[in-house]
Amino acid sequence: MLQFARVAARSVATSHRAVVTPLLNSAITRRDFSAPVENKDQPIDIPNPFEKERRVCILCKHNIVPDYKNVKLLSQFQSPYTGRIYGRHITGLCKQKQEQVEKAIIRAQNCAMMPTYHKEMDFMQDPRLFDPEKPIRPHKY
Amino acid sequence: MPSYELAMVLRQMSRPEIVSVLKRTAGTLLDRGCVIRKLENLGTRALPHKISEHGIVHREGTYFNISFDAAPTKISDFMEEFGRDIDIVRRRIFKIEEPEEFQCTLHEEMLPPAYRKDVQEMIDIAKRKQKRKFKYNSGLDYYPFQK
Ligand SMILES: [Zn+2]
């Protein structure tokens with residue numbers, strides 16, 4: 001039993017050598033003929049294939065500048081229960097757009113175009129841009 | 001002259017009365033050397049909440065928007081003048097500004113904290129604020145004598 005195993009091991013070793021030697025030879029001959037070819041196993045320079053696609057917020061994607069007269073759009077960023085403006089961790093907007101939206105909402109409320117303590121009843125059935133129950137970033141509340 | 005936007009809410013009135021109020025407001029603007037660019041009617045509707053103005057409680061109003069060019073020193077005069085007008089429930093004047101061009105930074109904001117620029121800046125500030133520790137330069141990582 002033990003002898004058989006030894007024989008098998010030797011045969012494997014020889015076959016391995018037999019495979020390896022011609023490969024080495026071909027590599028040498030190729031190097032002689034043309035310009036030096038680098039080893040195929042070396043790492044190559046390519047952009048990171050695992051890099052995620054660049055995320056763009058919904059207002060930047062459609063190139064929308066929030067305006068205080070566009071109450072229907074602004075009320076989508078308002079809580080239907082308290083009328084408060086949802087934060088950046090819920091709306092999923094970038095810093096600048098969130099700032100613009102907040103400024104526009106406060107302006108509209110100042111001009112008596114928009115309620116401050118609730119959402120306009122006409123806009124309650126509007127499609128939701130985000131889920132306040134599932135913020136994109138965790139927060140302490 | 002910079003461009004401004006006057007947003008005002010008129011009280012519930014009949015059509016000819018609204019016309020006369022608009023003529024009056026436009027007249028005050030024009031008298032002070034303004035250029036009126038646009039006049040918009042945003043419609044009549046119930047106010048989002050009751051507004052008490054000039055001793056009357058208003059529940060409905062007509063929204064108007066006037067874009068005009070005026071000298072910046074005149075704006076406070078307009079606010080004062082329209083504030084005395086009992087047909088105007090609310091008036092606000094905003095400067096019209098071109099929106100700034102910028103790139104969306106949501107991707108950078110969604111990176112893990114260690115990769116975010118503002119977090120890195122905060123870490124730098126914390127490092128700078130740390131008290132400097134005296135180094136003995138003895139080549140040892142411990143103090144060789146009794147303390
Ligand atoms: Zn954005």
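Convention: sequence-line order gives letters A, B, ...; per-chain numbering from 1.
Counting non-hydrogen atoms of other residues, nucleotides and ligands closer than 6.0 Å to CD of E98(B) gives a total of 12 or fewer. Within 6.0 Å of atom CE in M124(A), more than 12 heavy atoms from other residues, nucleotides or ligands are found, so the atom counts as buried in its surroundings. Within 6.0 Å of OH in Y136(B) there are more than 12 heavy atoms belonging to other residues, nucleotides or ligands. Within a 6.0 Å radius of CD in E17(B), other residues, nucleotides and ligands contribute more than 12 heavy atoms. In Q120(B), the CD atom is crowded: over 12 heavy atoms of neighbouring residues, nucleotides or ligands sit closer than 6.0 Å. Atom CZ of F94(B) sits in a crowded spot, with more than 12 heavy atoms from other residues, nucleotides or ligands closer than 6.0 Å. The local environment of CG in D45(A) is sparse, with at most 12 non-hydrogen atoms from other residues, nucleotides or ligands closer than 6.0 Å.
With respect to chain B, the highest number of heavy-atom pairs below 4.5 Å among N110(A), T116(A), V65(A), V56(A) belongs to N110(A). Comparing L42(B), I51(B), T105(B) by how many heavy-atom pairs each has under 4.5 Å with chain A, the most go to T105(B). Of the listed residues M114(A), K97(A), Q100(A), M113(A), the one with more heavy-atom pairs under 4.5 angstrom with chain B than any other is M113(A).
In the hydrophobic cluster analysis, where Ile, Leu, Val, Met, Phe, Trp and Tyr join through side-chain heavy atoms closer than 4.5 angstrom, I18(B) is grouped apart from V89(B). Linking Ile, Leu, Val, Met, Phe, Trp and Tyr residues whenever their side-chain heavy atoms come within less than 4.5 Å places M13(B) and F82(B) in a single cluster. Put simply, M1(B) and I96(B) are part of two different groups of oily side chains (I, L, V, M, F, W, Y) that touch within less than 4.5 Å, one to the next.
In this structure, the portion of K69(A) lying under 4.5 Å from any heavy atom of chain B is its side chain and not its backbone. If you measure heavy-atom distances from I136(A) to chain B, the contacts under 4.5 Å come from both the backbone and the side chain. Residue contact with chain B, scored on non-hydrogen atoms closer than 4.5 Å, involves the side chain of C60(A) exclusively. Y68(A) touches chain B through its side chain: at least one heavy atom from C-beta onward sits under 4.5 Å away, while N, CA, C and O do not.
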Original post:
Do E100(B) and Q96(A) pass the side chain to side chain contact (heavy atoms under 4.5 Å, CB included) test, and can you show the C-alpha distance, the side-chain angles, and the key distance before you say yes or no?
Top reply: CA-CA 10 Å; E100(B) 269 181 45; Q96(A) 295 95 325; over 6 Å; no
Original post:
Going through the checks in order, is the side chain to side chain contact (heavy atoms under 4.5 Å, CB included) test met by E53(A) and H107(B)?
Top reply: CA-CA 9 Å; E53(A) 209 178 310; H107(B) 188 79; over 6 Å; no
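The minimum heavy-atom distance linking C104(B) with C57(A) is given by the pair SG-N, 3.4 Å.
For Y63(B) (side chain) and C111(A) (main-chain N/O), no donor-acceptor pair under 3.5 Å exists by modelled atom type.
Under a 4.0 Å N-O distance rule, the pair E108(B)/R54(A) qualifies as a salt bridge. Ion pairing between R45(B) and E120(A) holds under the 4.0 Å rule for side-chain N and carboxylate O. At a threshold of 4.0 Å, the pair R55(A)-E109(B) does not count as salt-bridged, since none of the basic side-chain nitrogens sits closer than that to a carboxylate oxygen. A salt bridge is defined here as a Lys NZ or Arg NE, NH1 or NH2 lying under 4.0 Å from an Asp or Glu carboxylate O, and R107(A) with E5(B) fails to meet this definition.
K95(A) places a side-chain heavy atom less than 4.5 Å from the side chain of D118(B).
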Quiz: residues 76-84 of chain A side-chain donor-acceptor pairs under 3.5 angstrom, not counting sequence neighbours:
| residue | atom | partner | partner atom | Å |
| --- | --- | --- | --- | --- |
| Q76(A) | NE2 | P127(A) | O | 2.8 |
| Q78(A) | NE2 | G83(A) | O | 3.2 |
| Q78(A) | NE2 | P115(A) | O | 2.9 |
| S79(A) | OG | Y81(A) | N | 3.2 |
| S79(A) | OG | T82(A) | N | 3.3 |
| S79(A) | OG | T82(A) | OG1 | 3.4 |
| T82(A) | OG1 | R84(A) | N | 3.4 |

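Rounding to the nearest 0.5 angstrom, the gap separating the CG atom in L106(B) from the NZ atom in K61(A) is 11.0 Å.
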